[in-house]
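Data block below; observations after.
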Amino acid sequence: MTPGELAGVLGEPPVPEGTWEREVVYVSAAALRRRLPPGELAAQVGGLGGVAAVEVRGKGFLRIVLSEPYLDMEPAPVPFEPGWPDFPRTWDNPGFVVRYGHARACAVLRWAARLGVPEGGGAPPDPPHRWVLRVLAELPGRLVSREPGWEGYLLRLALAYHDAHERAPAVPVGDEEPGPVHAARVRVADVVRKVLPGPDRI
């Protein structure tokens with residue numbers, strides 16, 4: 001099951017909720033907006049592969065729990081070109097934070113190739129990278145929103161990625177052997193690279 005398939009059943013992208021540290025949760029008001037019986041829509045969603053649970057709350061809100069995060073390797077491009085200045089190259093400049101995030105993700109892919117990190121792998125188990133996936137999961141909804149708030153979103157994604165990069169390195173450190181966890185983190189870096197604007201090197 002992909003986020004696109006879930007959105008197809010709902011008729012709109014669901015909204016990610018929580019931190020995704022312990023469970024992957026989306027919420028949706030599609031039944032209310034489409035004036036559909038929430039129980040019937042919940043049953044359709046529950047029949048999708050990868051959906052662990054669906055709960056109807058209130059007057060028709062659906063709470064959808066996935067068995068694991070889905071990592072879309074081909075995210076839609078962000079239709080926004082921020083006009084942030086290049087300097088100063090400090091953490092106080094959102095332009096630097098975002099562009100450096102892109103450059104860091106590019107560097108991860110270069111190092112992963114040199115160190116023999118295997119391709120593929122499931123979703124990263126560590127909370128910092130799961131939070132990056134949580135922020136990335138907002139992208140489909142923002143793409144159809146009238147007020148997507150791209151500047152704030154790109155900055156949040158970049159900060160989340162910088163935190164993950166520092167706390168849970170995507171490439172092996174020291175004598176550590178490359179393994180599936182590194183492959184999963186590299187996949188996250190690849191998606192971040194495609195979403196954040198910036199040069200490949202800073």
Side-chain angles (χ1 to χ4, degrees), residues 2-3 16-26 50 52 65-78 82 84-140 150-202:
T2 68
E17 182 181 70
T19 66
W20 285 19
E21 181 175 345
R22 300 186 184 278
E23 60 179 1
V24 182
V25 179
Y26 286 93
V65 181
L66 305 188
S67 55
E68 66 175 3
Y70 179 84
L71 183 53
D72 190 346
M73 291 304 291
E74 294 299 331
V78 173
W84 291 312
D86 190 27
F87 293 94
R89 290 184 172 177
T90 67
W91 294 104
D92 294 327
N93 178 4
F96 168 75
V97 174
V98 170
R99 285 189 287 269
Y100 186 35
H102 174 90
R104 263 187 155 175
C106 291
V108 162
L109 267 67
R110 291 193 299 269
W111 278 106
R114 294 175 189 172
L115 295 173
V117 175
E119 295 184 2
D126 55 274
H129 279 88
R130 286 176 73 94
W131 175 245
V132 176
L133 293 179
R134 159 64 177 79
V135 178
L136 283 167
E138 297 177 19
L139 186 55
W150 289 123
E151 288 193 5
Y153 173 72
L154 293 174
L155 181 58
R156 283 179 57 236
L157 176 58
L159 288 170
Y161 183 68
H162 286 304
D163 182 60
H165 183 86
E166 294 288 343
R167 294 172 58 191
V171 294
V173 177
D175 296 332
E176 188 179 14
E177 290 293 325
V181 68
H182 301 106
R185 293 170 183 169
V186 170
R187 290 181 70 212
V188 174
D190 192 28
V191 178
V192 169
R193 173 186 67 86
K194 294 172 181 176
V195 176
L196 293 180
D200 290 356
R201 300 173 188 266
I202 287 185

Testing the basics here: between [X] and [Y], what is the closest heavy-atom pair and its distance to 0.1 Å?
X: C106; Y: D200; result: SG-OD1, 3.4 Å
X: A183; Y: G120; result: CB-O, 3.1 Å
X: P118; Y: P178; result: CD-CB, 4.1 Å
X: R130; Y: V24; result: NH2-CG2, 3.5 Å
X: A137; Y: P140; result: O-CD, 3.4 Å
X: A164; Y: P128; result: CA-CB, 3.6 Å

Looking at side-chain heavy atoms only, is the closest gap between [X] and [Y] below 4.5 Å?
X: V171; Y: R114; result: no
X: V117; Y: W111; result: no
X: Y161; Y: V195; result: no
X: L139; Y: V78; result: yes

> Could R187 and D190 be called an ion pair, given the rule that one side-chain N must be under 4.0 Å from one carboxylate O?
Replying inline: no
> Looking only at atom types and distance, does a side-chain atom of H182 sit under 3.5 Å from a main-chain N or O of G179, one as donor and one as acceptor?
Replying inline: yes
> So, N93 side chain and P85 main chain: donor-acceptor pair closer than 3.5 Å or not?
Replying inline: yes
Quick one: pull up [atom1] in [X] and [atom2] in [Y] and give me the separation to the nearest 0.5 Å.
X: H129; Y: L136; atom1: NE2; atom2: CG; answer: 10.5 Å
X: W91; Y: H162; atom1: CH2; atom2: NE2; answer: 4.0 Å
X: L159; Y: L154; atom1: CG; atom2: CG; answer: 11.0 Å
X: E23; Y: L66; atom1: CD; atom2: CG; answer: 10.0 Å
X: I202; Y: H102; atom1: CD1; atom2: NE2; answer: 9.0 Å
X: E68; Y: W20; atom1: CD; atom2: CH2; answer: 11.0 Å

List the residues meeting salt bridge (Lys or Arg N to Asp or Glu O under 4.0 Å) with [X], not counting sequence neighbours, and say none if there are none.
X: R156; result: E138
X: R185; result: D126
X: E74; result: K194

> Which of these, V181, L115, L109, sits in a side chain to side chain contact (heavy atoms under 4.5 Å, CB included) with V186?
Replying inline: L109
>> Using a 6.0 Å cut-off, check whether atom CZ of R201 has over 12 heavy atoms from anything other than its own residue.
In response: no
> Parallel under 30°, tilted from 30 to 60°, perpendicular over 60°: which one fits the rings of Y100 and F96?
Replying inline: parallel
